Amino acid sequence: MGWALVITSVAGFMAALDNLVVTTALPSIRKSLGGALSDLEWTVSAYTLTFAVLLMFGAALGDRFGRRRLFLIGITIFTGASAAAALSSGIGALIAARAVQGVGGAIMMPLTLTLLTAAVPKDKRGMAYGIWGAANGLAVACGPLIGGSLTQHISWHWIFWLNVPIGLALLPLARLKLRESFAPDARLDFRGTALISLGLFGIVYALVSATDHGWTSARVLSGLIGGGVLVAAFIRHGFTAKRPMVPMRMFANRGFAATNATSMLMYVGMFGSIFLLSQFLQTVAGYGPTEAGLRMLPWTGMPMIVSPFAGYLSDRIGGRVVVAAGLGLQAVGLGWFASVVATDTTYAAQLPALIISGVGMALFFAPATNLLMGSVRASEQGIASGTNNALREVGGALGIAMLSTIFAAQGGYQSPSAFVDGLTPALWVGASVLALGMVAALFNPTRRALAAQGAPKDLADPQDAAGLELSAH
């Protein structure tokens, strides 16, 4: 049990860290490798997008061909891609390496929890999941700080080199200390994976390209239309296929649909804003990468402090209210930041906005997970968790693309004042998206309605038992 907990927690930390570790290094990467705003977007989105669309497929591959075997393959891909990113001499090579990193992470990350589940006795899983979750939370909190410190004191290349010795150490440990496991009757939905992967790529590609080529250009319109058609085909596939990756009938469940909409909107607003604010702290406020990472901690690190209280509140008054309050606070925080941001804004003026946003984010995570898991039967929790986490990552990629498009349309990198001109409307849009997420959260059934309908029954439908057990991020 001990080795399984260490190996899976470290692997999960490594994959989660790469979501935000790049943010504080972006100005240094732009200075070193060149590239436009769209290139910086892809530096982050290439990872989140491939991670998101292959997350459930990676878990299914492990269930079908062996979880330890695929876990080792995932670590190998992730480690090799990290080395390639560190060695990149051009922005295109870095983006390509980040995309491959996402593939490795999508295989590795969901299997950390299934391998841990197989290794830990049932009566000790709560403690093990708590430690695993804390490692992932620590990665999110420390990502900007670690990225900033390595960038400032060594080089931005080391945000990727850091993964290499960790990955190399995990490979023999995982091979020797983890036992192989499979899931019975595991599904592989190649068609569904292809449809959603290509569809989401087309949409994000169009959003990222809109700044340079215009909304009416053939490149942007073909990406939006083609991507939209493929996503629609994926939705139809979810209704008609015998064993789809995501059974669309699950979205007829009000709680499931509301929680997934809330999660996606939250990540649109959060990721897009962090992407721009981490650059503002360096490009306009003049902080070094380490200082910028430290100054982001009141936002990114607040969940480590407030999350236990969020769980308590969720138990007392219901997750629906807590999640809505969390999104509302994040909207207020971004709106506050948008109202005070200027070329000469002091950090003291920014701090309340960062704290409010951090508290709001902390109130979201655990209660939203409880709402999600409580909305489906036990045999569907693997599919539910995988779907929710994939939508969160997709929301992050869409948020970066959308808010960056607004930023570029209204301002840019030409001067500090131009940066602020673009940042202000982008933050207001981010706040509006989070406010919309708050409204979506209120569509969750009330505690009284849930009590009246009773807990979801586990029908043990073999078509719904994905064999994913739990895949969380």
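Predicted model, so just to flag it, every value in this text is computed and none were measured.
Q152 is linked by a side chain to side chain donor-acceptor pair (under 3.5 Å) to T290, counting only residues two or more places apart in sequence or in another chain. Among residues two or more places apart in sequence or in another chain, the ring pair (Phe, Tyr, Trp, His ring centres under 6.0 Å) test is passed with F364 by none. In this view, R236 satisfies the side chain to side chain donor-acceptor pair (under 3.5 Å) rule with no residue, not counting sequence neighbours. Among residues two or more places apart in sequence or in another chain, the ring pair (Phe, Tyr, Trp, His ring centres under 6.0 Å) test is passed with F271 by Y267. Annotation: side chain to side chain donor-acceptor pair (under 3.5 Å) contacts of Y287 (sequence neighbours excluded): none. Under the rule for a ring pair (Phe, Tyr, Trp, His ring centres under 6.0 Å), the partners of W42 that lie at least two apart in sequence or sit in another chain are F201. For F160, the ring pair (Phe, Tyr, Trp, His ring centres under 6.0 Å) test picks out no residue, with sequence neighbours left out. Take S217 and apply the side chain to side chain donor-acceptor pair (under 3.5 Å) test, not counting sequence neighbours, and it matches no residue.
No donor-acceptor contact under 3.5 angstrom links the side chains of Q282 and T24, judged on distance only.
Proximity of a side-chain donor or acceptor of N260 to a complementary backbone N or O of F256 within less than 3.5 Å is detected.
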Can you list, pair by pair, the side-chain donor-acceptor contacts under 3.5 Å of residues 413-429, counting residues two or more places apart and other chains?
residue	atom	partner	partner atom	Å
Y413	OH	Q279	OE1	2.5
S415	OG	S417	OG	3.1
S415	OG	A418	N	3.2
T424	OG1	V420	O	2.9

With a 3.5 Å cut-off and sequence neighbours excluded, list the donor-acceptor pairs that the side chains of residues 68-78 form with protein atoms.
residue	atom	partner	partner atom	Å
R68	NH1	R175	O	3.2
R68	NH1	L178	O	2.9
R69	NH1	F65	O	3.2
T76	OG1	L72	O	2.8

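Within the structure, salt bridge (charged side-chain N to carboxylate O under 4.0 Å, His left out) pairs that include any residue of residues 15-39 comprise D18-R98 (at least two apart or interchain). Within the structure, the salt bridge (charged side-chain N to carboxylate O under 4.0 Å, His left out) test picks out no pair touching residues 256-265 (sequence neighbours left out).
Pairing each heavy atom of S357 with each of G333, the nearest pair is OG-CA, 3.4 Å.
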